[in-house]
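Just so it is clear: chains get the letters A, B, ... in the order the sequence lines come, proteins before strands, and each one is counted from 1.
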Protein chains: 2
Amino acid sequence: MKVTIKDIAAVAGVSYSTVSKALNNSPLVQEKTKRKIIKLSQEMGYKPNFAARSLVSNQTMVIGLIWPTIDRIVLSTLVTKISNEIRNTDYSMVLSVDPVETSIETFKRFQVDGIILFEENISNPIETESLPILSYGVINDARKNYPTIDPNYEEAMNKAVKYLFGLGHTKIAYISNLSSPDPMQIEKNRSFRKAMQLHGLSIKDEYIIDTEGFNFYDGYTATSKLLNLHDRPTAIVGGSYDLSSGIIRAISEKKLSIPKDISVISYDNIPEMENTEVPLTCIGVSIDQLATEIVHSMIKFVENNVISNPKQFNKKMSPVLVERESCGTPS
Amino acid sequence: MKVTIKDIAAVAGVSYSTVSKALNNSPLVQEKTKRKIIKLSQEMGYKPNFAARSLVSNQTMVIGLIWPTIDRIVLSTLVTKISNEIRNTDYSMVLSVDPVETSIETFKRFQVDGIILFEENISNPIETESLPILSYGVINDARKNYPTIDPNYEEAMNKAVKYLFGLGHTKIAYISNLSSPDPMQIEKNRSFRKAMQLHGLSIKDEYIIDTEGFNFYDGYTATSKLLNLHDRPTAIVGGSYDLSSGIIRAISEKKLSIPKDISVISYDNIPEMENTEVPLTCIGVSIDQLATEIVHSMIKFVENNVISNPKQFNKKMSPVLVERESCGTPS
DNA sequence: TTGTATGCGTTATCAT
DNA sequence: ATGATAACGCATACAA
């Protein structure tokens with residue numbers, strides 16, 4: 001049978017309310033008794049009853065993460081980081097891979113204290129109804145009444161183009177998933193064009209390539225197509241880590257060298273960028289920072305139980321450019 | 001404020017125990033009152049309190065799935081299927097991407113009713129300690145004291161080789177991740193060799209290629225290497241769906257045709273096999289069946305609350321061969 | 001068929 | 001500093 005605080009109380013010869021206080025490290029109980037009780041509880045293998053605790057405290061100390069599209073590498077990295085980050089707090093994280101609406105239902109039944117939501121693959125804003133929801137996405141939709149953490153694609157693409165331009169590049173190509181209905185992808189693509197304009201650079205249609213997906217091979221095919229052009233670009237901006245190995249592979253198969261013949265910079269700032277065939281210069285909010293911000297904003301939001309004005313938790317992040325070995329001056 | 005059964009009782013003019021019974025569809029309450037109460041509860045937006053319910057019933061109706069390596073496509077498909085399957089039951093599923101030990105801790109605190117575990121990437125058997133654990137893996141380790149659902153690699157590989165042999169192939173190659181420490185991969189690879197021996201076929205060392213990973217490109221590289229051989233095989237057995245697009249791609253780049261020049265059969269029986277460049281003949285337990293079996297065994301195990309003799313839930317599945325267009329007689 | 005009373009394990013509010 | 005007790009929301013044995 002499970003051991004409860006009453007069992008401990010019986011053995012310790014105190015009342016169970018004292019045990020409760022001791023276990024919660026209340027100052028209202030003597031150090032001596034406290035230590036005795038704690039020691040006893042360990043010996044007896046006491047595990048607090050989650051249901052009972054949340055019944056009385058009205059919170060579960062669990063935050064739910066909804067992840068309906070478990071296929072992109074970058075996202076799985078983010079999920080892992082978030083999971084680790086939450087493990088460092090008093091909260092636990094739990095994942096649902098069901099569709100957003102279903103997941104929210106489940107999480108409500110579960111009475112999680114808050115929900116983290118990726119805006120990838122979700123087009124309509126969600127109805128929150130009293131449960132703290134925080135999204136990772138783009139701050140733009142006035143209809144949303146929940147806060148969002150925004151990786152700031154505009155600044156990222158701007159920095160990328162500025163960097164390339166500074167090195168002397170003007171013939172800059174962009175390889176990304178342009179056919180995705182995903183609001184985050186759309187914003188990313190839009191931001192590239194805007195950055196080019198800002199630098200007074202013309203955008204050749206043939207330099208904008210749609211990968212139509214996020215697999216290695218999508219990046220490979222797109223890049224091969226690009227390199228078959230008579231007038232090749234001198235630099236490529238890649239839209240995602242998921243595409244980058246394919247991009248690099250296509251270049252090296254054409255016997256071109258990075259960065260001597262062609263420079264490559266990729267969106268997504270994750271450590272794995274170091275480990276591609278050529279260590280990639282990349283741009284984006286560091287994934288660790290992203291994870292940290294997401295979970296701490298979430299927790300602040302949850303604990304600031306006043307749910308009025310959720311937008312105060314909106315946050316635009318600062319992308320950084322990590323220089324490695326894939327960019328140089330055009331030849 | 002939240003609405004409870006007491007609120008409903010007050011409005012309905014009955015006692016709250018009647019409401020409880022009605023909501024649980026007890027036969028001890030009149031159809032008429034039942035309907036009235038149910039209708040009322042919907043109108044009032046009643047949501048049962050999960051904590052209270054599980055406090056009294058001693059069960060959460062939640063089963064936890066541990067998935068520490070969120071990167072392989074096939075597995076994400078399986079996870080999704082399992083999630084869907086559980087959605088059809090009274091249970092909910094919740095995922096953890098933490099390391100196995102940590103996940104079990106979390107799930108225990110959570111008091112999930114059962115845990116599903118993938119044996120990918122786990123080498124030592126887990127200590128179960130009173131909580132129903134079901135694994136997806138290989139039935140072989142006597143130290144395990146929890147049941148496992150086994151995809152039966154031996155029969156799968158045997159059927160694959162038999163099929164190819166029946167078509168007239170004798171020069172059969174095998175492309176898979178041979179360097180993985182994963183017990184499931186090891187068993188799969190062992191099974192191929194055994195199947196070859198069983199059919200009296202010799203195994204040329206050059207025909208066994210290690211992909212050293214599960215990415216598209218791993219399959220591509222391995223196959224390219226294979227096709228550079230003077231004495232090419234007439235058939236290839238691929239070890240995983242994750243590898244198969246790479247295999248196909250490498251073949252078509254050599255201007256070889258499937259199945260005219262070379263036959264390909266791949267392990268993993270998922271519908272996506274239909275959608276590769278050449279629809280792939282494949283072998284394996286259908287992923288739907290797998291998911292169904294896993295969740296129903298899990299639930300049976302959970303509800304059969306006697307935890308003695310867990311091995312009774314061990315189950316070896318029956319892999320099937322799905323003929324599509326990638327295999328033919330050797331030219 | 002319906003209502004009353006009790007208990008699940010915990011925290012929190014009172015007394016002592 | 002410690003103990004008694006109510007309360008959380010629900011299910012259920014028992015009483016009516």
Side-chain angles (χ1 to χ4, degrees), chain A residues 1-38 40-41 44-62 90 92 108-113 130 303 305, chain B residues 1-38 40-41 44-62 90 92 108-113 130 303 305:
Chain A
M1 203 38 200
K2 298 255 183 228
V3 26
T4 74
I5 52 173
K6 291 188 181 174
D7 300 322
I8 300 177
V11 177
V14 297
S15 83
Y16 66 84
S17 81
T18 303
V19 175
S20 172
K21 285 172 200 149
L23 259 23
N24 288 308
N25 198 22
S26 158
L28 291 77
V29 51
Q30 245 179 352
E31 268 309 316
K32 201 170 44 177
T33 15
K34 206 184 278 188
R35 261 197 298 279
K36 187 173 84 176
I37 291 175
I38 291 178
L40 213 51
S41 76
M44 300 176 65
Y46 167 74
K47 302 273 178 209
N49 183 305
F50 179 74
R53 180 176 290 176
S54 62
L55 179 58
V56 46
S57 69
N58 232 331
Q59 48 174 1
T60 54
M61 301 305 281
V62 172
D90 293 337
S92 298
K108 272 189 181 160
R109 280 197 32 237
F110 232 87
Q111 269 137 219
V112 299
D113 292 342
S130 81
E303 297 186 341
N305 42 27
Chain B
M1 203 38 199
K2 297 252 183 232
V3 26
T4 74
I5 54 173
K6 290 188 183 175
D7 300 323
I8 300 178
V11 178
V14 297
S15 83
Y16 65 84
S17 84
T18 304
V19 175
S20 173
K21 285 172 200 147
L23 259 22
N24 288 309
N25 199 21
S26 158
L28 291 73
V29 51
Q30 244 178 352
E31 269 309 317
K32 201 168 45 176
T33 15
K34 204 184 279 186
R35 261 198 297 280
K36 188 173 85 176
I37 290 175
I38 291 177
L40 213 49
S41 76
M44 300 176 64
Y46 167 76
K47 303 274 178 207
N49 184 306
F50 179 75
R53 179 177 291 175
S54 63
L55 179 58
V56 45
S57 68
N58 234 330
Q59 49 175 359
T60 54
M61 301 306 281
V62 173
D90 292 337
S92 298
K108 272 189 180 159
R109 281 197 31 238
F110 232 88
Q111 270 138 219
V112 299
D113 292 342
S130 82
E303 297 185 342
N305 41 27

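At dT2(D), one or more side-chain N or O atoms of Thr33(A) fall inside 4.0 Å of OP1 or OP2 (strictly under the cut-off). Not one side-chain nitrogen or oxygen of Thr18(A) sits closer than 4.0 Å to the OP1 or OP2 atom of dT2(D).
Contact of the Ser54(B) side chain with the Gln111(B) side chain is not registered, since no non-hydrogen atoms from C-beta on lie closer than 4.5 Å. Considering only heavy atoms from C-beta on, Ile37(A) comes within 4.5 Å of Ile8(A) through its side chain. Counting heavy atoms from C-beta outward, Asn49(A) and Thr4(A) have side chains that stay 4.5 Å or more apart. In this structure, Phe50(A) and Thr60(B) have side chains that are not in contact, with every pair of non-hydrogen atoms separated by 4.5 Å or more.
Across all their heavy atoms, Arg109(A) and Ser92(B) have their closest contact at NH1-OG, 2.7 Å.
Remark: P of dA1(D) and CD of Glu31(A) are 10 Å apart, rounded to the nearest angstrom. For the pair Leu55(B) CG and dA11(D) P, the computed distance is 11 Å after rounding to whole Å. Rounded to whole Å, the distance from CE on Met44(B) to P on dG9(D) is 13 Å.
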Practice problem: Using a 4.0 Å heavy-atom cut-off, write out nucleotides 10-16 of chain C from 5' to 3' as B (base contacted by protein), S (sugar-phosphate only) or - (no contact). | Solution: BBBB---
Self-check item: Chi angles and distances behind the side chain to side chain contact (heavy atoms under 4.5 Å, CB included) call for Asp113(B), Val62(B)
Solution: CA-CA 6 Å; Asp113(B) 292 342; Val62(B) 173; 5.9 Å; no
